[in-house]
Number of protein chains: 2
Amino acid sequence: MERCSFEQGLVLEMPGTAITKVCFPEPGMISVMARTPVGVQAEVGIIGPEGMTGLPLLHGLDSWPHATIVQIPCRALCIEATAFRAVLAECRPLHERLLRYAQVFSVQLAQGSLCNARFTIEQRLARWLLMCHDRTDREDLPLTHELLSTMLGVRRAGITTALRMLNDSGAVKSRRGGIGIRDRSRMLAIAGDAYGVPEDEYTRVLA
Amino acid sequence: MERCSFEQGLVLEMPGTAITKVCFPEPGMISVMARTPVGVQAEVGIIGPEGMTGLPLLHGLDSWPHATIVQIPCRALCIEATAFRAVLAECRPLHERLLRYAQVFSVQLAQGSLCNARFTIEQRLARWLLMCHDRTDREDLPLTHELLSTMLGVRRAGITTALRMLNDSGAVKSRRGGIGIRDRSRMLAIAGDAYGVPEDEYTRVLA
DNA sequence: ACTTTAATGTACGATAACGTACTTATAGGT
DNA sequence: ACCTATAAGTACGTTATCGTACATTAAAGT
């Protein structure tokens, strides 16, 4: 496996395009975006050091209709798709462990769906920042409101407003182009039930 | 495998509880519900004759944090979890095929998430009814507004209103406790981009 | 036929989020 | 030190959806 460096914005996977590389990120964040044929899009999943890109390969497929994009720059251990397939076939325990991760990811998708249906932008933003915080080792997450708005599928102005509330409550400290989690317990309180289920599933299944 | 009959409301799987039975439905519909510890809930996935319950078993696990509930009565071919695990271990091609279905399901989760973030209740309802229609052989789907409201995670009154619009446009005909798709192409037009991606993925991967 | 219950229709003020536009501030290059 | 581009703050009218409540209707049992 080769160690790579990924900049923000790098596209690792494209809808309907064969995946050539599987990556196991070090601290940082990669996001999975769903979109419709017409281009309506939103982030549906987050991948960090707890997981991997190239999930379709675990299911015996070489693509899916999502895009995978680096959100917070990170290094990663990468392996060619063909080599990865070979390893999977040889090492059953590895395949089994990674399949367990696939379930954790799918629980994350499901809970994200629930959040989009039932929670406010502020709660969803808190959830998102917490998940991001879990996966990086930075003080400051390099994120613009614009970026967050595409992730959550809401207006840019909506992010500004929600973020100001998080700021006022002392949960985060946001600078231009960056956000720092200040008080994690307060964030947890704000996110409430929106955060936690996939995390518990991860612990149950992989720890 | 044993053929079973499932009534509406039957709970096949409960959050965090070991799954004892895997079911391959005949025409009808089973839904997967996500919920938070506090009880906020919504449907995140739909299972019909194209798929199966007991997805965690495919990933080497015996439970997940979702509930699986029969929505439209159906028959199904069922097999004990232990027997199913044995078959999976013996028959690699079967496991591989079912894993491909697991990916289709997970694409469905992702698109559902996107829909909840970006589409109106009317569109989401149209999508849901279409997906339901795909999986049953009935003229009339036995669904109350109350039920639909828990599925979509919206007000019961919101369903009534959205449904009246579908009615007025001639897309559906709704009776007390039942809804019939009248004009599928009109439904497709209303659902727009909300419907289709997981269906295409199914075709690509399993047909 | 009458009663009961569940399902549906409808209303109304409140709130969350939208689309859009314009202003202000900050970082980075010259 | 000054420009300039990008990021962020803010405003305003509009729309979707909410919470809640109440009235109406259809099926099901006696």
Could you list, one pair per line, each protein nitrogen or oxygen that sits under 3.5 Å from a nitrogen or oxygen of nucleotides 8-10 of chain C, together with the distance?
unit_1: C:dT8; atom_1: OP1; unit_2: B:Gly177; atom_2: N; d: 2.6
unit_1: C:dT8; atom_1: OP2; unit_2: B:His145; atom_2: N; d: 2.8
unit_1: C:dG9; atom_1: N7; unit_2: B:Arg156; atom_2: NH1; d: 3.0
unit_1: C:dG9; atom_1: O6; unit_2: B:Arg156; atom_2: NH2; d: 2.7

Quiz question: by atom type and distance under 3.5 Å, do the side chains of [X] and [Y] form a donor-acceptor pair?
| X | Y | answer |
| --- | --- | --- |
| A:Arg156 | A:Thr150 | no |
| A:Gln71 | A:Gln8 | no |
| B:Asn167 | B:Ser169 | no |
| A:Asp134 | A:Tyr202 | no |

Name the orientation class of the two ring planes belonging to B:Tyr101 and B:Phe105 (parallel below 30°, tilted from 30 to 60°, perpendicular beyond 60°). tilted
Enumerate the protein-to-nucleotides 2-4 of chain D contacts in which both atoms are nitrogen or oxygen and the separation is below 3.5 Å.
none

Distance, rounded to the nearest Å, where [X] contributes [atom1] and [N] contributes [atom2]:
| X | N | atom1 | atom2 | answer |
| --- | --- | --- | --- | --- |
| A:Met165 | D:dT10 | CE | C1' | 14 Å |
| A:Asp168 | D:dG9 | CG | P | 10 Å |
| B:Ile159 | D:dG19 | CD1 | P | 13 Å |

Does the distance from a Lys or Arg side-chain N to an Asp or Glu carboxylate O, for A:Glu26 and A:Arg3, drop under 4.0 Å? yes
Using side-chain heavy atoms (C-beta onward) and a distance below 4.5 Å, is [X] in contact with [Y]?
| X | Y | value |
| --- | --- | --- |
| A:Arg135 | A:Ile46 | yes |
| A:Ile47 | A:Phe24 | no |
| A:His59 | B:His59 | yes |

Counting distance only, does the side-chain N/O of A:Asp137 pair as donor-acceptor with the main-chain N or O of A:Pro27 below 3.5 Å? no
A:Glu13 side chain to A:Gly54 backbone, donor-acceptor under 3.5 Å: yes
Among pairs that include at least one residue of residues 165-180 of chain B, which meet salt bridge (Lys or Arg N to Asp or Glu O under 4.0 Å), considering only residues two or more places apart or in two chains? B:Asp140-B:Arg175, B:Arg164-B:Asp168
Between its two end axes (five pairs each) the helix from C:dA1-D:dT30 to C:dT30-D:dA1 turns, nearest 10 degrees, through 30°
Quick one: list whatever passes salt bridge (Lys or Arg N to Asp or Glu O under 4.0 Å) with A:Glu122, sequence neighbours left out. none
Write down the protein N/O and nucleotide N/O pairs, taken from nucleotides 15-18 of chain D, whose separation is under 3.5 Å; answer none if there are no such pairs.
unit_1: D:dT17; atom_1: OP1; unit_2: B:Ile121; atom_2: N; d: 3.0

